[in-house]
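Notes to accompany the following structure.
We name chains A, B, ... by the order of the sequence lines, and we start the count at 1 in each one.
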Amino acid sequence: MVGAIPRGSVSTYGAVARAAGLPGRARMAGRALRESPKEMKLPWHRVVGAGGKIVFPRTTVNHREQARRLRAEGVVVKAGRVSREAIVDLEQF
DNA sequence: GAACTGACTGTAA
DNA sequence: ATTACAGCCAGTT
């Protein structure tokens, strides 16, 4: 689950979907997150695209917000990408 | 039910 | 490194 992503690490949509037993539903994962109210306090910002790249255009607030929060957790965000080291495939959960 | 659409991904030019 | 494109699947139109 997204909430299982350890602080200071990020994962990918595909990985999340797989972990949920839904291979090939990467998009659905993103959709789910989008619909999920923040009251659920899900660390949606710890979910990025494959290779650790942020899916939103860098001009959007979403992108800024995500990058900002990730950096706040110690994740290195550079040019709309997170350090590959910070990415966890979520396979261990 | 066809046609779009999208918080995706991998391959190719 | 950037851009294009084709699979992908579920929800909308």
Members besides A:Met28 in its Ile/Leu/Val/Met/Phe/Trp/Tyr cluster (side-chain heavy atoms under 4.5 Å): A:Leu22
Value rounded to 0.5 Å, distance of CG in A:Asp89 from CZ in A:Arg18: 5.0 Å
Which atom of A:Ile54 lies closest to which atom of A:Gln66, heavy atoms considered: CG2-OE1, 3.2 Å
Duplex segments of DNA chain B, taken as runs of at least three Watson-Crick or G-U pairs that stay under 3.5 Å: B:2-6 with C:9-13, B:8-13 with C:2-7
Members of residues 74-87 of chain A that approach DNA chain B, where some heavy atom sits under 4.0 Å away: none
Any residue meeting side-chain contact (heavy atoms from CB on, under 4.5 Å) with A:Leu42, in chain and number order, not counting sequence neighbours: A:Leu33, A:Ser36, A:Met40
Residues in side-chain contact (heavy atoms from CB on, under 4.5 Å) contact with A:Arg68, at least two apart in sequence or another chain: A:Glu65
Footprint string (nucleotides 3-13 of chain B, 5' to 3'): B base within contact, S backbone only, - free, heavy atoms under 4.0 Å: ---BBBSS---
Residues which pass salt bridge (Lys or Arg N to Asp or Glu O under 4.0 Å) with A:Arg81, listed by chain and number, not counting sequence neighbours: none
Closest contact, heavy atoms only, A:Ala26 versus A:Ala17: N-CB, 3.9 Å
Non-neighbouring partners of A:Arg34 that pass side-chain contact (heavy atoms from CB on, under 4.5 Å), sequence neighbours left out: A:Arg31
Please tabulate the protein-to-nucleotide N/O contacts below 3.5 Å involving nucleotides 4-6 of chain C, giving atom names and distances.
none

Donor-acceptor pairs under 3.5 Å, side chain of residues 4-14 of chain A to any protein atom, not counting sequence neighbours: which ones?
unit_1  : atom_1 : unit_2  : atom_2 : d
A:Ser11 : OG     : A:Val88 : O      : 2.9
A:Thr12 : OG1    : A:Ala15 : N      : 3.0

Shortest non-hydrogen separation from A:Val16 to A:Ala29 and the atoms involved: CG1-CB, 4.4 Å
Side chain to side chain donor-acceptor pair (under 3.5 Å) contacts in which one or both residues fall within residues 48-64 of chain A, not counting sequence neighbours: none
